[in-house]
Amino acid sequence: MATQTKPQSATDRSTAFKWSMVIDLDRCTGCEACVVACQSENNVPINEESAFIEGRAFEWIRLERYWEGEWPDIKARFIPVLCQHCENAPCEPVCPVYATYHNNEGLNVQVYNRCVGTRYCGANCPYHARQFNFWEPVWPEDLRHQLNPDVTVRTRGVMEKCSMCIQRIRRATRSKTPSDIPDGAFNPACVQACPTSAMTFGNLNNPESKVSKLQNDERRYHMFEHLGTAPTTLYLKQVDTHGA
Amino acid sequence: MYYRRTLTEAQINQQLLGTVLTTPLWWIVLVSLLGIVVAGAVGAVGWMINQGLGVTGLRQPVFWGFFITNFIFWVGISHAGVMISAILRLSQAEWRRPMVRAAETMTVFALMASLAMPLVHAGRPWRIFYWVFPYDWARGIWPDVRSPLVWDPIAITTYLTSSMLFVYTALIPDLAIIRDRSTGWRRSVYGALSLGWHGNPRQWKIQGFAGILLSALILPVFVSVHSIVSWDFSVSLVPSWHVTIFAPYFVIGAVHSGVSAVVTLMIIMRKLYKLENFIWEEHIDALARLLMVVALAWMFLFWLDLVFALWLREEQEITVWMLRMFEPPWSWLFFLFFMFSFVIPVPLWMFRRVRRSFTWMLWTSLLVNFGMFLERFLIIVPALMRKGPQTFTYATYRPSPVEFTIIFGTIALVCFLLLIFSKFFPLIPLWEEKEGQLLIDHVKVGNVYVPALVKEH
Amino acid sequence: MAHEEHAIPQVPTHQEIASDIMARFQNVNQRYWSWVSLLALLFVGGIVGFVMRLSDGFDDRSNWGYYTATLSFLASTFLAMPIISAGLRLAKANWRRPLTRLTENMAITGVLIWFMLIPALIALPPTEGRLSVWFDFPHWMAFRGGNLMVWGTVVLIGLFLLWLLAVPDLAAVRDHMPASPRGKLARVLSVGWTGNTRQWRVLHSGALLFGAFYLLLYPTLQTLLQADFQAGLLPGMKDAIAPATALINALQGAVGLTLVVMYVMRRFGGYERYFGIDQFWALSKPLLAFSLLWFYFWWGSFITFWYGRQPGESELIRFMVLDSYRYPLMVSFMLNFIGPLVALVWNPVRRSIWGPTIVGAGVLVGALVNHIRWYVAPFSVPDPPAGEAWPHVLPEIPAGQLPGAADALIVVGGIAGAVLLFMLINKIIPVVSMWEVGEGLRLVKVRRFLARYAMVIAKSH
Amino acid sequence: MGLTRRQFLKWAGVTGVGAVVFNGCRVPDHEIQVQSPVELPEDLVTGRDNYYATVAQVGSGSEGLLVRVMEGRAKKVEGNPDYPLNTGKHHIRSEAMLQATYHPDRIKSPMVRIAKGGPFRAIGWPDALERLTKILGDADPANVLLATGPVRGKLADVTKLFAKDYGAQALGFDPIDQHVLRTAIKNIYDQDVLPDFDIAHADFIMSFGADFLGTWIDPTHYMRGYGEFRQGEDRAERGHLVHVDSRFSVTAAAADEWKYVNPGTEGLLALSMAHTIVTEKLGDAGAARALTGGADNHLSSFSADKVASQIGMSADAITNLAHKFAGTRGRALAIGGGSAGAHTNGVFNLTAIYALNYLVGSVNVPGGVIFNPAGDQSQITGAPIRDWKAALDAMRSGDIKVLLVRDANVVHGLSKQLKVTEALDKLDTIVSFSSFLDETTARADLILPGHTPFEEWGTDTPDVGPGYRTVAFQQPVINRFRDTMAFGDVLIRTASELGHAMPWESMRDAVRAAARDLHSTNRGSVTQPTFEEFWKRSLERGGWWDQGDTVSGTPTPPVLPRAAVKAQIAGDAKVFPLHLVPFEGHAIGTGQYAHLPWAQAVPDPITTVVWTTWVELNPKTAESLNVKQDDVVTLESATGDFISVPVYVNPATPPDVASVPIGQGHEQFTTYAAGRGSNVLDILAQAEDSDTGSLAWASTRVRLTKTNVRVGLPKLEGIEEPRQLPGEPVIVVFRPGEEDDSHS
Ligand SMILES: Nc1nc2c(c(=O)[nH]1)N[C@H]1C(S)=C(S)[C@@H](COP(=O)(O)OP(=O)(O)OC[C@H]3O[C@@H](n4cnc5c(=O)[nH]c(N)nc54)[C@H](O)[C@@H]3O)O[C@H]1N2
Ligand code: SF4
Ligand code: SF4
Ligand code: SF4
Ligand code: SF4
């Protein structure tokens with residue numbers, strides 16, 4: 001089980017970073033700018049109509065909408081769900097080929113060229129964060145010009161999921177020490193797009209970062225805490241002052 | 001009763017080798033028909049590999065469906081061989097004799113069918129070696145031994161290897177008999193296979209010892225195989241999978257379906273190969289008694305599973321069980337499963353008339369296996385459908401024609417291989433039968449003769 | 001076949017056997033009385049310990065952990081004994097014949113066990129807000145009444161079997177020593193047995209039927225024991241295999257106890273003729289099987305918890321496996337699994353008197369320790385504050401609990417009481433069944449087999 | 001035909017046994033390539049990228065963007081953190097614009113049609129420009145109509161100047177125009193440009209019909225404020241939002257309170273609140289006096305008791321709202337628009353709503369309505385439907401013979417009832433400058449395809465500015481991907497060919513001219529000594545803005561009307577029992593983004609439906625009509641027109657409402673849009689707002705008939721209505737004052 005460690009030296013990568021995301025549900029409006037930003041950044045296949053009908057649409061981050069109450073006293077509640085980058089990730093030990101593992105920066109990483117497609121990780125992820133390439137993903141030739149060269153285009157038969165935009169993390173931290181990287185200097189695509197700033201990203205090993213401070217917010221909670229997956233992604237509860 | 005039929009050794013040879021030495025028309029027809037079904041399934045697999053798993057009914061979050069169901073189903077069937085051969089051999093149950101070979105052979109072929117399933121289920125089956133073997137020496141990455149999916153191939157290949165050894169060891173004396181009755185190339189092939197068997201006491205002693213030793217060694221493998229398969233499920237966090245009882249529950253369930261399959265097989269074999277002199281009512285009766293015990297133990301574990309699943313009163317666990325038991329179409333399947341694999345057959349088997357009727361036993365044993373397929377299906381699919389509290393992602397699963405084709409293909413494959421096997425080797429071990437004739441006796445108690453077993457004193 | 005004996009084996013007659021057993025039955029010597037007195041003393045000590053516990057009251061449940069462990073140990077070894085005879089009878093194993101009565105006589109301890117259940121039930125918290133197989137059954141008495149009923153039924157069936165299967169022998173006692181008090185008692189108990197066909201038929205089918213009943217009900221008792229006294233008190237304990245593990249452990253203990261008792265009877269009672277190598281050898285096989293199953297079931301539950309890594313599971317592993325109850329687990333692991341495995345895989349060990357006996361004794365000690373781990377641990381988990389539901393995660397991990405003086409007295413006294421009852425009943429009902437052994441003799445014939453003679457034993461259907 | 005090994009494998013795959021031999025036992029050849037084991041996501045080494053700042057006009061919204069470009073290809077759209085409106089964030093539609101540039105169905109070169117109805121033929125640009133010059137030279141300018149989508153900034157100047165010099169009529173087209181809002185703002189605040197709302201600093205927002213967090217005007221900008229309104233770090237208390245709407249929109253979902261009122265009575269509600277505030281003297285006394293003309297009983301016909309039943313709300317609820325609005329929650333702000341203005345009494349409604357801001361002193365103050373300086377505003381806005389009806393009549397009568405059209409897809413955006421295609425068929429010539437073959441362009445005789453926004457020059461003066469003078473620069477972030485030419489450049493060239501040259505040689509020149517003006521002010525966000533440096537810096541920043549250039553002062557309010565103007569709803573309530581509430585598609589808008597896969601595939605936030613049109617019904621209504629989810633029904637309005645759409649049972653839809661998204665129902669417009677869903681605009685009664693002539697798109701009633709057809713509605717959510725399991729909530733809600741219900 002991974003444990004939280006403090007950086008020993010500024011250059012020691014293994015303890016310098018621990019990436020985390022905090023999502024404030026009270027800010028989120030369900031606009032889904034994050035969803036499309038992620039599709040664009042991460043070469044997520046285009047979801048044709050058939051993908052939805054088959055129930056195989058790819059969204060590394062998706063907006064779940066829950067109903068509460070009945071008309072007229074009804075509420076719709078939104079929650080962006082992405083890989084929670086669990087510290088105690090149930091998806092990891094079940095993978096026979098180490099295609100998904102935990103890296104030393106607190107991320108749950110997916111290696112596409114190792115994956116043989118058993119879908120065990122997907123069955124065991126309680127958050128439905130994992131998406132499987134049932135078909136070969138296709139882009140019309142022209143649209144391929146938009147593909148992000150930093151991100152592998154997956155093939156049929158492999159599992160994929162939110163990578164916390166690891167390519168951005170790499171770019172931003174390559175040959176840099178943590179002190180060179182101010183809090184908020186770079187963000188994953190979804191965080192960057194979010195119009196209400198509902199999402200915050202940063203380094204938990206930096207006690208001054210916004211995410212570190214939000215860990216103590218009175219509205220904090222982890223999704224399905226009772227499962228003991230120890231997600232790194234933290235949510236801040238939505239506030240309901242209904243009728244007040 | 002037993003003493004009704006005493007056969008000479010010559011009769012035994014003649015009647016049991018008939019299948020090997022002649023080729024009836026029905027055999028050719030049956031093999032061709034089954035071959036077509038198998039070819040169809042192979043085509044379906046090719047199509048699926050070519051197109052992607054999109055051609056199945058799988059979808060998020062029901063990532064596992066018919067293939068894994070079928071995998072467990074066949075691993076279950078494979079438990080018959082050892083149950084019949086090893087356990088009954090160790091416990092010296094006389095009535096095992098006519099069924100050992102067929103049961104063991106079925107084990108081997110069932111294991112082959114089951115091994116194919118995770119392969120076709122995988123997204124990139126051509127990368128199987130990355131899964132089963134260490135594949136990147138340069139970086140020293142080995143398969144993750146924490147994953148039950150690594151234990152599975154190890155356990156199953158071990159089981160397959162030892163089962164094949166088991167079959168082969170028991171085959172040697174019979175191979176020698178065929179060798180002695182054939183000419184030309186067949187003679188040399190059988191000669192080579194029979195490893196110079198001449199039936200001298202030393203050879204018999206070694207053969208007997210090997211049988212006992214293999215029986216004892218194979219038992220832990222037997223238990224481990226379905227336990228490991230069950231841990232595929234119970235080490236996960238999926239509600240109703242993550243339960244401690246799965247290992248024995250799966251094993252005993254496997255024996256239930258496996259022994260039922262042996263019943264089916266024996267009855268069909270008896271009819272096809274006219275083995276009335278070897279497979280008697282008593283044999284089927286004994287199997288049925290064994291099945292009753294197994295079924296009761298299995299039901300006890302099922303009951304424990306259910307009670308302890310619900311007693312924590314966890315929302316998700318209850319949701320899964322509610323779906324499984326009370327929401328159509330799952331409730332219908334559940335009803336059928338429960339009726340077929342327990343409620344109908346077990347009480348029927350309490351009647352001696354049923355236990356000794358080939359017709360009744362054929363249908364009840366078939367029912368059991370149909371029910372047990374449903375059981376595995378119901379373990380897997382509804383649980384994944386209601387995997388977590390995210391009602392937003394609740395989904396359903398409907399197997400596609402491709403999946404059905406492949407499932408039927410595996411059934412045809414096992415039958416096909418058994419038929420082919422029977423063409424080259426006797427399905428009932430000749431030497432076991434002869435030994436049985438030797439060891440049997442009768443004791444007069446009052447006015448009746450009671451069959452008795454020679455006690456090796 | 002490896003036997004070198006070429007002489008024709010002799011099959012004794014029924015008469016021989018009956019008079020031999022009767023002679024031993026009638027002989028009540030000094031040594032018997034001194035053992036009985038010692039056991040009675042220890043039992044009284046146990047009662048003292050119990051009174052000490054009573055004076056502390058039931059508010060602190062942790063006081064009752066060792067008491068419950070003793071109770072469950074007795075229920076799991078002594079009460080499981082009739083299963084051996086019922087099972088073997090159903091399986092038509094001929095070697096069972098000399099030892100069935102011994103196991104049936106153990107059912108007498110049920111009387112003590114049932115009374116011992118009552119305080120243990122009082123020590124349990126009510127089902128409200130707590131996990132329980134009784135779910136939301138309205139009355140707080142549900143699990144108490146339910147337990148008393150199930151346990152009571154098991155005990156009654158055990159006693160009934162004991163009596164039913166003893167009737168022909170009681171009749172023999174009646175006829176042999178009509179004047180003695182034991183003979184008079186036998187007259188009452190043998191209810192006019194004359195041994196006609198109808199009576200035999202009733203006896204045989206009654207034995208099968210109630211034996212089967214016992215086989216079915218006993219797992220229920222173990223389920224209740226595990227559910228109400230263990231899992232229900234351990235937050236997060238979702239362990240469906242526990243009752244099955246307990247059942248295996250009970251059967252293992254019962255076989256161990258049978259072996260030990262057989263050994264003692266041989267050594268001190270002169271019963272070598274009945275408890276021979278056949279019995280030890282035959283019993284060592286299920287003992288090995290149960291030992292393997294013990295580990296298998298334990299492992300099944302451990303691996304599931306280990307992989308689950310949910311908070312409730314991690315805490316329980318820490319409590320029951322890695323931390324507080326580490327040593328008891330290790331002891332029972334050695335005695336209930338490793339020891340039997342290492343010893344009994346060898347046929348020479350199995351085919352001996354001493355081998356199975358030593359392993360059996362170890363299994364008994366292991367089972368006792370295991371029961372202490374199983375029941376002392378949950379009893380030391382404190383109740384949640386009034387009005388609050390039981391949590392699904394252990395709020396804190398209680399330390400392992402060592403027995404106090406009273407606990408030690410209770411454990412020793414409880415076991416002594418059970419053995420005492422067994423010793424007493426043996427002098428009312430012969431410890432070897434005359435009729436069952438005699439019946440066996442009729443099924444045997446000696447025949448020439450190949451170059452030698454062999455026994456042919458019939459298996460009727 | 002040169003069967004490659006790979007194809008051979010594919011064939012082998014479908015022919016049964018061969019599949020296993022080649023695909024199963026052996027590995028497909030693309031798998032043989034040994035993938036570098038070092039290529040973990042960890043170790044990825046990537047190329048060099050550049051970021052270019054530009055601006056995108058997303059409907060009324062204006063988004064400053066940074067586009068990541070690698071090897072001459074635009075890879076990713078990101079918000080420009082400096083740009084005052086979206087400050088680093090961006091809308092789905094901006095992102096999806098990438099797909100417009102690389103769209104497989106984009107028009108790849110100029111095209112001409114030899115004969116009407118015949119096929120197109122690709123031609124070169126010189127030829128195309130020559131043909132255009134000829135057409136315009138030959139035509140009588142009075143018979144030429146130049147139709148564009150809404151255009152702002154320099155392109156608007158160029159377009160207007162072209163039309164003026166040449167003598168043609170220019171008309172903007174937007175299926176949902178904002179004239180009612182503009183008129184109301186003019187009426188009540190005397191402002192020519194739309195104001196900004198300082199949502200971030202408001203404490204209590206009352207919004208009427210304006211889905212400002214979803215699709216209304218500039219959602220990204222408003223959402224920036226909304227985030228702060230909820231949980232801004234410097235806030236004392238979380239803001240409170242009340243949303244009044246006839247549909248459960250994203251804004252309604254975000255609101256603390258959502259109130260359903262009878263469609264068209266929003267103004268009545270506002271005036272009733274005003275009545276309470278004025279009579280109870282809760283608000284600004286001076287404003288009250290001005291609004292009522294000093295008469296105490298001026299608003300008496302709006303007293304809560306009198307109008308409550310009309311509005312469909314209890315009198316208590318109305319006064320309660322008024323109290324809250326004028327009460328102690330701090331700065332209150334009223335926003336109106338959307339469906340509230342889409343009635344025949346639209347201007348009345350919006351005027352009444354915006355008047356509320358006077359009563360609480362929220363006009364041109366922080367946390368209230370903030371006026372924008374008119375300065376550089378230059379735009380062609382969507383014209384009211386009244387003007388378009390006239391234009392169609394002119395086509396039919398032959399007064400218009402030539403139509404020049406750029407992104408004004410009138411065939412899809414105007415109702416079928418107006419018989420647009422018939423009118424277009426009467427024309428002599430249609431010339432299109434659009435980049436895609438939409439329904440109108442498909443009828444063109446000559447196509448001179450324009451650039452996409454990432455390929456062309458321009459400026460943007462936001463429709464809703466941030467409260468101060470702002471000019472954004474649009475620059476090509478990549479070279480043209482297809483053989484296209486910027487619309488502005490075509491106009492400039494053609495103008496000079498026709499003999500009335502414009503002051504600029506190209507759009508770039510025009511933008512530089514605009515920049516020169518800004519440079520000369522020597523103030524604002526970029527000041528540089530030389531123009532070239534100013535040019536470079538301001539392009540880098542994405543524009544120029546001057547926080548000092550604001551509007552000051554509060555105008556005197558006008559007197560409010562004494563009597564209500566009632567909304568005329570088309571259709572008898574008995575025959576047509578349901579109010580039809582159309583709404584803009586979340587990402588595809590009114591259809592102008594329907595060709596972009598990302599816009600199509602992003603689930604509607606409330607229903608999660610994608611790629612199609614649906615009708616939302618309340619579960620009770622659905623039950624009473626005996627329809628279920630996925631049943632296809634026909635919706636028919638009093639006009640006799642109908643559409644067939646599948647049902648989505650939406651528990652938040654009011655029982656007498658049927659709401660349908662706009663934007664689908666394209667017959668052309670690329671493979672991604674064509675043949676999908678239906679166009680709800682076709683069944684709208686073509687009623688107009690009485691003042692402006694804008695389409696009163698929310699004033700139609702419909703009846704619903706079940707068909708026997710069922711479809712699988714493509715949507716993201718699963719097979720069950722997602723409600724949280726009581727024991728294990730996915731979304732934990734914090735209810736101040738109540739016990740914490742999280743399970744931590
Ligand atoms: N026979 C032979 N082979 C060689 C070499 C040789 O000397 N002889 N030299 C080798 C060497 S040193 C090199 S560097 C490689 C070069 O090999 P390539 O990378 O193939 O280089 P080019 O063929 O010059 O250009 C590649 C494509 O990029 C397109 N292109 C042009 N501008 C842009 C742009 O802005 N963005 C994008 N995305 N595409 C653009 C061009 O139209 C062209 O189709 O060839 C190697 N191979
Ligand atoms: S959210 Fe799912 S995929 Fe992500 S780390 Fe956790 S278990 Fe794995
Ligand atoms: S699908 Fe891929 S990543 Fe997931 S468990 Fe299987 S091999 Fe590993
Ligand atoms: S962090 Fe990156 S990969 Fe993950 S959801 Fe956000 S944009 Fe997608
Ligand atoms: S972009 Fe932000 S506000 Fe919009 S849905 Fe995503 S998290 Fe919520």
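Just the heavy atoms: all of them, side chains too, but no hydrogens, waters or symmetry mates, feed the values below. In the text below, chain A, chain B and the rest are named by the order of the sequence lines, each starting its count at 1.
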Segment of [X] engaging chain A (4.5 angstrom heavy-atom cut-off):
X: B:V55; value: both
X: B:T396; value: neither
X: B:D232; value: both
X: B:I68; value: neither
X: B:F233; value: backbone

Using non-hydrogen atoms and a 4.5 Å limit, figure out which bit of [X] sits close to chain B: side chain, backbone, both or neither.
X: A:Y120; value: both
X: A:E54; value: backbone
X: A:P126; value: both

Is there side-chain contact between A:H128 and B:Y394, with heavy atoms separated by less than 4.5 Å? no
Sub-4.5 Å side-chain heavy-atom contact between A:T229 and B:L237: yes
Taking atom [atom1] of [X] and atom [atom2] of [Y], what is their separation to the nearest 0.5 Å?
X: B:R124; Y: A:N133; atom1: CZ; atom2: CG; result: 9.5 Å
X: A:F134; Y: B:L58; atom1: CZ; atom2: CG; result: 5.5 Å
X: B:L384; Y: A:N124; atom1: CG; atom2: CG; result: 9.5 Å
X: B:R127; Y: A:N113; atom1: CZ; atom2: CG; result: 6.5 Å
X: A:W67; Y: B:F392; atom1: CH2; atom2: CZ; result: 10.5 Å
X: B:E315; Y: A:H226; atom1: CD; atom2: NE2; result: 9.5 Å

Should we count CZ of A:R144 as having more than 12 external heavy atoms under 6.0 Å? yes
Are there more than 12 heavy atoms of other residues, nucleotides or ligands under 6.0 Å from atom CE of B:M322? no
Any sub-3.5 Å donor-acceptor pair from A:R119's side-chain atoms to B:H121's backbone N or O? yes
A:R130 (side chain) donor-acceptor with B:Q60 (main chain) under 3.5 angstrom: no
Ignoring hydrogens, what is the shortest heavy-atom contact between A:V94 and B:P148? Give both atom names and the distance. CA-CD, 4.4 Å
Of all the heavy-atom pairs spanning B:V238 and A:A123, show the shortest one and how long it is. CG2-O, 3.3 Å
Pick whichever of B:G52, B:P153, B:A383 has the most heavy-atom pairs under 4.5 Å with chain A. B:G52
Report the relative orientation of the aromatic rings in B:F63 and A:F132; use parallel for angles under 30°, tilted for 30 to 60°, perpendicular for over 60°. perpendicular
Determine the option with the most heavy-atom pairs under 4.5 angstrom with chain B, choosing from A:C115, A:P93, A:G157, A:G117. A:P93
